[in-house]
Number of protein chains: 2
Amino acid sequence: MAKTMAQTAADTADTTQAPPQGRIRRENVERILKAAERVFAEAGFAGATMADIAERAGLPKANLHYYFGTKDDLYRAVLDNILRLWLAPIASFTPDADPAATLTAYVTAKMEASRSRPHASKVFANEILHGGTQVERFLAEDLKALVDAKAAVIDGWVAAGRMAPVDARQFLFMIWAVTQHYADFDVQIRKVLGRRSLTRQDFDAMTAEVLRMVLRAAGLSEVQAAEPQTPAPQAPTPLQPESPPIP
Amino acid sequence: MAKTMAQTAADTADTTQAPPQGRIRRENVERILKAAERVFAEAGFAGATMADIAERAGLPKANLHYYFGTKDDLYRAVLDNILRLWLAPIASFTPDADPAATLTAYVTAKMEASRSRPHASKVFANEILHGGTQVERFLAEDLKALVDAKAAVIDGWVAAGRMAPVDARQFLFMIWAVTQHYADFDVQIRKVLGRRSLTRQDFDAMTAEVLRMVLRAAGLSEVQAAEPQTPAPQAPTPLQPESPPIP
DNA sequence: GTCTATACCTTGATAGAC
DNA sequence: GTCTATCAAGGTATAGAC
């Protein structure tokens, strides 16, 4: 239950306020937010404890309450950071941009976000999964407006014959689903592939393959370059560890 | 922490054991499992309380412990049900099957699962999101073996030129990500689309669009069915060259 | 077999010394 | 501003009446 300290969290997250002794405060807030993002990602909101977060941040529990008031407020602060991160990379969708180049950049950015900020993706996924009560306005206002605008851009591309006909909103959902899957379901992916961890090279290979599928789904084939060489299609980037390449 | 009652849960889930007074027991177990799936989906493992589950099942708390021992055991029983459900629809991937027909049936089945059993999908997603400790063996053994086998089938299709070259495992990941997204992220989808709920008609339309994108990603245009009637397919053929019909 | 009442424990939050 | 000690709420699990 949200209590009364919403303004406290707002203040700490407010970058415009930079008074005297703000330096160590700022560092501590940053450490707490980072630790909280990780613990919330690993355990969910209910499963995360303030003690866990404090330990990971290397601070006493009471400090978390001093800076953020309640667990609820801390959670919202973490989410706030994530939402900002979320909206950024889609900006490049503009009517005059090249569809293939734009999609390539977007998918690459989303995959890079899944690689570098997996905890952020998981916290957001967890929030949506459980009803998204804390991000309801974000979804219904900010995100909806953004999707409406970008869907219009995609519709324009389709109308101009610059990509295959797609339902623009579902096309965006597909890109989100696929790219975020590599962060949110990393355990499943690793176990199925028999990998202990996913390296940057793995992500590069996976990104290339995701990109190929997304571009095909958009009717934008990227095979022009590597096509004429061999009669046999070049094998997709091998991700499988020991599984033999079955003929 | 799992205690000692694992065998209790195992017994109740064991269908081979059908002794005297099994009728009401069976009904109660079923009601509890159904209620638990829903509560676990909505709140996650840590957020769910035995009291919530009991209330939704219309039984006293103590009964849950009588039938399932611990909360942990109940959770595992719910997961067991879901995992069985999970593996079923992929069976139709066989070397001699038609790729387009097989993929169509599979995507349709997965979308139908997202529509009819959203709570199951969410419980599974939540489990994976938080490390998948309860399904580690399932992932590393059962699921991995299944994916290896089905990836071999897909590789065969590709080698025979019956579909575009794809990384088979990532292709399966994509299908899972996209179809399950409609259950797991339903809140986001509804808010972005401005819908209060997603009807069966919505799902039919979304399924058709997902199918179109997946088939394109596989280099399989979906026009076979509606082909003989008219020379012009209902979907305006893209001006850009699509992935070439594989030799 | 079923359910009420309760014991025990974890955890969020705070008071008050430093 | 920081941290130790403590409280109160809410949760799992069980004992024992029915």
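Residue numbering restarts at 1 for every chain, and letters A, B, ... go by the order of the sequence lines.
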Colleague: Treating B:N63 as the side-chain partner and B:Y66 as the backbone partner, does any N or O pair qualify as donor plus acceptor under 3.5 Å?
Modeller: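 Looks like no, no N/O pair under 3.5 Å.
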
Colleague: Under 4.0 Å between a side-chain N/O of B:Y66 and OP1 or OP2 of C:dC3, yes or no?
Modeller: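 Checking B:Y66 against C:dC3: no side-chain N or O falls below 4.0 Å of OP1 or OP2.
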
Colleague: Grab the NZ-C1' distance between B:K61 and C:dT2 for me, whole Å please.
Modeller: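 Distance, rounded to whole Å: 15 Å.
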
Colleague: May I have the distance from B:L59 (atom CG) to C:dT4 (atom P), rounded to whole angstrom?
Modeller: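 From B:L59 CG to C:dT4 P: 11 Å.
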
Colleague: Grab the NZ-P distance between B:K71 and D:dT14 for me, whole Å please.
Modeller: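 About 15 Å, once rounded to whole Å.
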
Colleague: Let's see if you can work this out: which of C:dT14, C:dC3, D:dG11 has an atom nearest to the side-chain heavy atoms of B:P60?
Modeller: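 Among the listed nucleotides, the one closest to the side chain of B:P60 is C:dC3.
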
Colleague: Can you tell me how far P of C:dT14 sits from CE of A:M50, to the nearest Å?
Modeller: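 Atom-to-atom, A:M50 to C:dT14, this comes out as 10 Å.
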
Colleague: Think B:K71 forms a cation-pi with B:F45, using NZ or CZ under 6.0 Å from the six-ring centre and within 45 degrees of its axis?
Modeller: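 Yes, B:K71 lies over the aromatic ring of B:F45.
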
Colleague: Tell me the interatomic distance from A:Y75, atom OH, to C:dG12, atom C1', rounded to whole angstroms.
Modeller: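 Atom-to-atom, A:Y75 to C:dG12, this comes out as 17 Å.
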
Colleague: Of the nucleotides C:dC3, C:dA13, D:dT12, which one has an atom closest to the side chain of B:T49?
Modeller: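 So the nucleotide nearest the side chain must be D:dT12.
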
Colleague: Can you see which heavy atom on B:V192 is nearest to which on A:K144, and at what distance?
Modeller: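 Heavy-atom minimum between the residues: O-CG, 3.3 Å.
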
Colleague: Once you round it to whole Å, what is the distance between C1' of D:dA13 and CG of B:L74?
Modeller: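 About 14 Å, once rounded to whole Å.
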
Colleague: Where the side chain of A:N28 is defined as all heavy atoms beyond and including C-beta, which of D:dT2, C:dT6, C:dA13 is the nearest nucleotide?
Modeller: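 Nearest to the side chain of A:N28 among the choices is D:dT2.
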
Colleague: If you only use heavy atoms from C-beta on, which nucleotide in D:dT12, D:dG1, C:dT2 is closest to the side chain of A:I24?
Modeller: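 The nucleotide sitting nearest to the side chain is D:dG1.
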
Colleague: Is A:A48 touching bases, backbone alone, or none of the nucleic acid, heavy atoms closer than 4.0 Å?
Modeller: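 Sugar-phosphate, no base atom in range.
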
Colleague: Locate the shortest heavy-atom distance separating B:P118 from B:S116; write the atom from each residue and the value.
Modeller: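 Scanning both residues, the minimum pair turns out to be CD-C, 3.3 Å.
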
Colleague: OP1 or OP2 of C:dT2 sitting under 4.0 Å from any side-chain N/O of B:Y67?
Modeller: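 Answer is yes, contact under 4.0 Å.
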
Colleague: Take atom CD1 of A:I53 and atom P of C:dA13, then tell me their distance rounded to the nearest Å.
Modeller: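 After rounding, the gap between these two atoms is 11 Å.
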
Colleague: Please state how far atom NE2 in B:H65 lies from atom P in D:dG16, giving the value in whole angstrom units.
Modeller: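 Nearest whole value for this atom pair: 17 Å.
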
Colleague: Should B:E30 and B:R26 count as an ion pair when the cut-off is N to O under 4.0 Å?
Modeller: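 Here B:E30 does not pair with B:R26 in a salt bridge, since their nearest N and O are not under 4.0 Å apart.
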
